[in-house]
Amino acid sequence: MQLSARLLRVLAILLVALPTRSAVHAANDTEAVGAAGHDDDRPSPPCSPADRAALLGFKAGVAADTTGILATWAGNDCCGAWEGVTCDAATGRVVALQLEAPPPKSRHYMQGALSPSLAGLEFLQALVIRDMGRIGGAIPAAMSRLTRLRELYLEGNMLAGAIPGSLGKLGSLQYLSLAGNRLDGQLPPELGAVSGLEQINVARNSLSGAVPPSYKNLSRLAYLDMSNNLLSGAVPGFIGQFKNLALLDLSNNSFSGEIPASLCTLHSLTDLSLSHNKLGGQIPPQMGSLRSLNSLAMDDNMFVGSIPASFLGLQKLWYMNLSRNGLSGPLPTGIRNALPSLVSMDLSHNHLIGDIDQFFRSLSTAINDVKHSNNPSQIVLPQKLEHLDLSENRITGALPDFARGAGLKWLDISSNAIGGQIPISISKLSNLERLDISRNRVRGIIPASMAEMVHLQWLDLSSNALVGRIPDNFTRLTSVRHASFRRNKLCGQIPQVKPFNLFHAAAYAHNLCLCGKPLPPCRKI
Ligand SMILES: *[C@@H]1O[C@H](CO)[C@@H](O)[C@H](O)[C@H]1NC(C)=O
Ligand SMILES: *[C@@H]1O[C@H](CO)[C@@H](O)[C@H](O)[C@H]1NC(C)=O
Ligand SMILES: *[C@@H]1O[C@H](CO)[C@@H](O)[C@H](O)[C@H]1NC(C)=O
Ligand SMILES: *[C@@H]1O[C@H](CO)[C@@H](O)[C@H](O)[C@H]1NC(C)=O
Ligand SMILES: *[C@@H]1O[C@H](CO)[C@@H](O)[C@H](O)[C@H]1NC(C)=O
C-alpha cells in the first residue's frame, strides 16, 4: 500500500513538474522581452482590448469563484494586476493564462463553464486551468483557433462531453492534459496530426474505444497517460516507435491482446503501467531490454507462462508488480546482482512454484558481505528491499536462517505450501512491520525471539501446524494492531496484556487449548 502510494506520488510529481517547468519557460521568455522594453525606457503598451474582452468573456462564464483570482480582474490593464494573466511586454498581447486553485484545493473552486471567448486570445501560448473542480460543460471546439498554444492544461475540473477533434488544429501544441475530468466518447483521431506533442495526459475520465491509428505520428511523445478510463482494443504496436517515451500508463482500462514486442525497444522508458487490463499471452522475454525501467506494473491481467529470466538485469528497477495474473513456472532466482535497485516486488496471486529457501538464498548478499555475516549460509537481504509479496502461489520448502533483514518491512508468504519451522533468526528481520505466514504448512513452535520484532504491526500465523505456547514475552510487541493465531495446534495462556487480550476471539479459535482473555480463563491445575 505504502509503496503504491509512493509510486503515485512519483507520478504526481512528474505530472506537476512537467507543466510547471514549461509554463515557467513561457513566462520567462516574455519577462525577457519585458525587461528589454524597460531598458529602452519605453512604457509597456496597454493590454490589448481584444484580449481583455476575451478574458472578461471567460470571467462571465464563471458563476462562482472562491479562489479570489477573478476578483483581481478589474480595470483596463489586464496585463498588470490581473492574476494569472501574462502578457508579452512588447505587444501587450496575452501569452499565458494560468489559473490554479490555491491549497487546500478541495476548498477552493471556480464554478461555471469554459467560455468559447477564450479562443479570442490569439497569441496565447499557455492555457492552464487546473484543479478548479467545478468548471464544467464541454471543451469549446473554438479552442482550435489558439494556433500558438504550446501548453493546454485543463486538468482537475468537471469538463464533460467528447474531446473536440478540432484540437487537432493546434499545430504548436506540445503539452496536453485533460486529466481528471468527466470526458467521454472516443479519443479524437485528429489529435494524431499534432506531431509535436510531447505529453498527453487524459487519465481519470470515461474515454472509451481504441487508441486511433493516426496516433502513430506522435513520435515525440515522452509522456503518455491514458490510465483510469474505459479504453479497449490492443496496445498499439506503433508505441514502440516513440523513442523518447519515458512514461506509459495504460492502467485501469480494458486493453486486451498481447504486449507488442516493439514496446520492448523503448530504451528511455522509466515507468510502465499496464495494471488492471485484460492483457494476456506470455510476457515477452525482450522486456528485459527496457533498461531504463524504474517501475513496472503488470498486475491484474491475464498473463501466462513464466517470468522471463531477462527481467533479472533491470539495473534501475525498484518497483515490480506482477500480482494477479496466471503466471506459472519457477520463482525468479539469481536476483541478487541482477536487480540491485529493487525496493518492492509483488508476485502474489499467480501459480509460481519454487523453493522459498533457494529464493531467499538467491537474494542474499551474504557472499559480498563478509563483515556482517560470519556464516554465509545465513541470508542477508539487500539493503533497499522493503516489500516482498509472494502470497497465493505454490511455493514449497522452508524459511532459511536470516542474518540481517536490512530494510524489509513487509513480508507476505501466505497461502503457499511452505513447511519447516519458523527460524529463531526470523527476529533478525528487525524492521518488519508486516509478517504474514498464514495458510501454509509451518510446524514447530513460535520462537520467543519474535518478541524482538518490535516494529510489527501485522502478524498472521493462522492456518499452519504450530504447537506450544504464544511466547509470554510477546508482551513486548506493543505496536501490533492485527494478529491471528487461528487454526494451529497452540496451547496455554494467551499473553494477558494489550493488545493480545483485546483481539477478537476468532484470532485464537481452532487451536488445541489456548486460554485466557479473550478466550475463557485457563483452568487452574
Ligand atoms: C500489486 O498489485 C495488486 C493488484 O493490483 C495490488 O493489490 C497490490 O497492492 C500491488 N502491490 C504493491 C506492492 O503495490
Ligand atoms: C530564464 O531565466 C533564467 C534566469 O532568470 C535564464 O538563465 C534562462 O536562460 C531563462 N530561460 C529562458 C528560456 O528564457
Ligand atoms: C503524419 O505526419 C506526416 C508528416 O509529419 C504528415 O504528412 C501526415 O499527414 C501525418 N499523418 C496523420 C495521420 O496525421
Ligand atoms: C478505475 O478507473 C475508474 C474510472 O474510470 C475509477 O472509478 C476506479 O476507481 C479506478 N480503479 C482503480 C483500481 O484505480
Ligand atoms: C523471551 O523469553 C525467553 C525465555 O522465556 C528469553 O530467553 C528471551 O531472551 C526473551 N526475549 C525477549 C526479547 O524478551
Side-chain angles (χ1 to χ4, degrees), residues 1-12 15 155-163 178-187 201-211 225-233 249-256 271-280 283 293-303 307 311 317-327 332 335 339 341-352 363 381-382 384-393 407-415 432-436 457-458 460:
M1 294 302 120
Q2 196 185 358
L3 281 158
S4 43
R6 194 153 136 183
L7 176 65
L8 285 178
R9 206 157 58 234
V10 170
L11 297 183
L15 271 178
E155 55 198 23
N157 296 300
M158 220 183 262
L159 298 168
I163 301 174
L178 305 173
N181 283 289
R182 297 181 178 179
L183 299 165
D184 56 19
Q186 309 218 344
L187 289 163
N201 186 352
V202 291
R204 289 173 280 119
N205 282 289
S206 299
L207 300 167
S208 56
V211 179
D225 188 347
M226 298 184 161
S227 62
N228 299 303
N229 280 288
L230 307 166
L231 297 167
S232 55
D249 192 345
L250 303 179
S251 62
N252 196 15
N253 281 287
S254 292
F255 287 109
S256 55
D271 296 273
L272 174 60
S273 181
L274 304 171
S275 305
H276 305 293
N277 277 290
K278 296 176 180 158
L279 297 165
I283 300 176
L293 221 48
N294 292 323
S295 74
L296 173 63
M298 300 172 64
D299 48 284
D300 198 9
N301 279 286
M302 301 183 297
F303 294 113
I307 299 173
F311 270 17
L317 196 69
W318 69 267
Y319 179 89
M320 169 166 20
N321 198 343
L322 303 179
S323 173
R324 294 183 192 274
N325 282 287
L327 297 170
I335 294 173
L339 295 172
S341 310
L342 199 63
V343 173
S344 171
M345 179 156 73
D346 192 339
L347 305 178
S348 62
H349 296 269
N350 282 292
H351 313 299
L352 299 167
L363 277 180
L381 291 178
K384 289 182 183 162
L385 189 65
E386 289 179 13
H387 188 119
L388 186 57
D389 194 340
L390 304 175
S391 63
E392 301 257 1
N393 278 290
L408 194 66
K409 291 182 179 157
W410 178 305
L411 177 60
D412 189 347
I413 55 171
S414 63
S415 296
L432 268 191
E433 291 169 7
R434 184 168 176 130
L435 176 61
D436 194 340
Q457 294 172 18
W458 177 293
D460 196 339

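Along the sequence shown, residues carry numbers from 1. Remember, it's 1-based here, ligands and their atoms both numbered in the order they're listed.
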query: Atom CG in Asn205, atom CG in Asp184: separation rounded to 0.5 Å?
result: 8.5 Å
task: Using a strict 4.0 Å cut-off to heavy atoms of His276, name the atoms of ligand 1 that fall inside it.
output: 5 (O)
Which residues share a side-chain hydrogen bond (donor to acceptor under 3.5 Å, both in side chains) with Ser275, sequence neighbours left out: Ser273, Asp299
Matching residue for His276 among Asn253, Asn252, Asn301, Asp300 - test: side-chain hydrogen bond (donor to acceptor under 3.5 Å, both in side chains): Asp300
task: Starting from the C-alpha separation in whole Å, work towards a yes-or-no answer on side chain to side chain contact (heavy atoms under 4.5 Å, CB included) for Asp271 and Asp249.
output: CA-CA 8 Å; Asp271 296 273; Asp249 192 345; over 6 Å; no
field: Residues that Asp460 engages under side-chain hydrogen bond (donor to acceptor under 3.5 Å, both in side chains), provided they are two or more places apart
entry: Ser462
task: Check each atom of ligand 1 against the heavy atoms of His387 and keep those under 4.0 Å away; list them by number with element.
output: 13 (C)
query: Just distances here: any N/O of Asn252 and N/O of ligand 4 closer than 3.5 Å?
result: yes
message: Show the atoms of ligand 1 that are less than 4.0 angstrom away from any heavy atom in Ser344.
response: 13 (C)
message: Under 4.0 Å from atom 14 (O) of ligand 4, can you find at least one protein heavy atom?
response: yes
query: Looking only at N/O atoms, are Ser323 and ligand 1 under 3.5 Å apart anywhere?
result: no
Heavy-atom gap Trp410 to ligand 1 smaller than 4.0 Å: no
- request: Ignoring angles and geometry beyond distance, decide whether Arg324 reaches within less than 3.5 Å of ligand 1 through its nitrogen or oxygen atoms.
  value: no
message: Under 4.0 Å from atom 5 (O) of ligand 4, can you find at least one protein heavy atom?
response: yes
- request: Apply the test side chain to side chain contact (heavy atoms under 4.5 Å, CB included) to residues Phe303 and Met298: give CA-CA distance (whole Å), side-chain angles for both, the deciding distance (0.1 Å), then the verdict.
  value: CA-CA 9 Å; Phe303 294 113; Met298 300 172 64; 3.6 Å; yes
- prompt: Stepwise, does the side chain to side chain donor-acceptor pair (under 3.5 Å) test hold for Ser348 with Ser323?
  reply: CA-CA 5 Å; Ser348 62; Ser323 173; 2.9 Å; yes
field: Test item, Ser275 contacting ligand 1 (heavy atom, 4.0 angstrom)
entry: no
field: Subset of ligand 4 atoms that lie under 4.0 Å from at least one heavy atom of Asn205
entry: 5 (O)
query: In this structure, which one of Leu381, Leu385, Leu388, Leu390 forms a side-chain contact (heavy atoms from CB on, under 4.5 Å) with Leu411?
result: Leu388
- request: Considering the heavy atoms of Asn321, write down every atom of ligand 1 situated less than 4.0 Å from one of them.
  value: 1 (C), 2 (O), 3 (C), 8 (C), 10 (C), 11 (N), 12 (C), 14 (O)
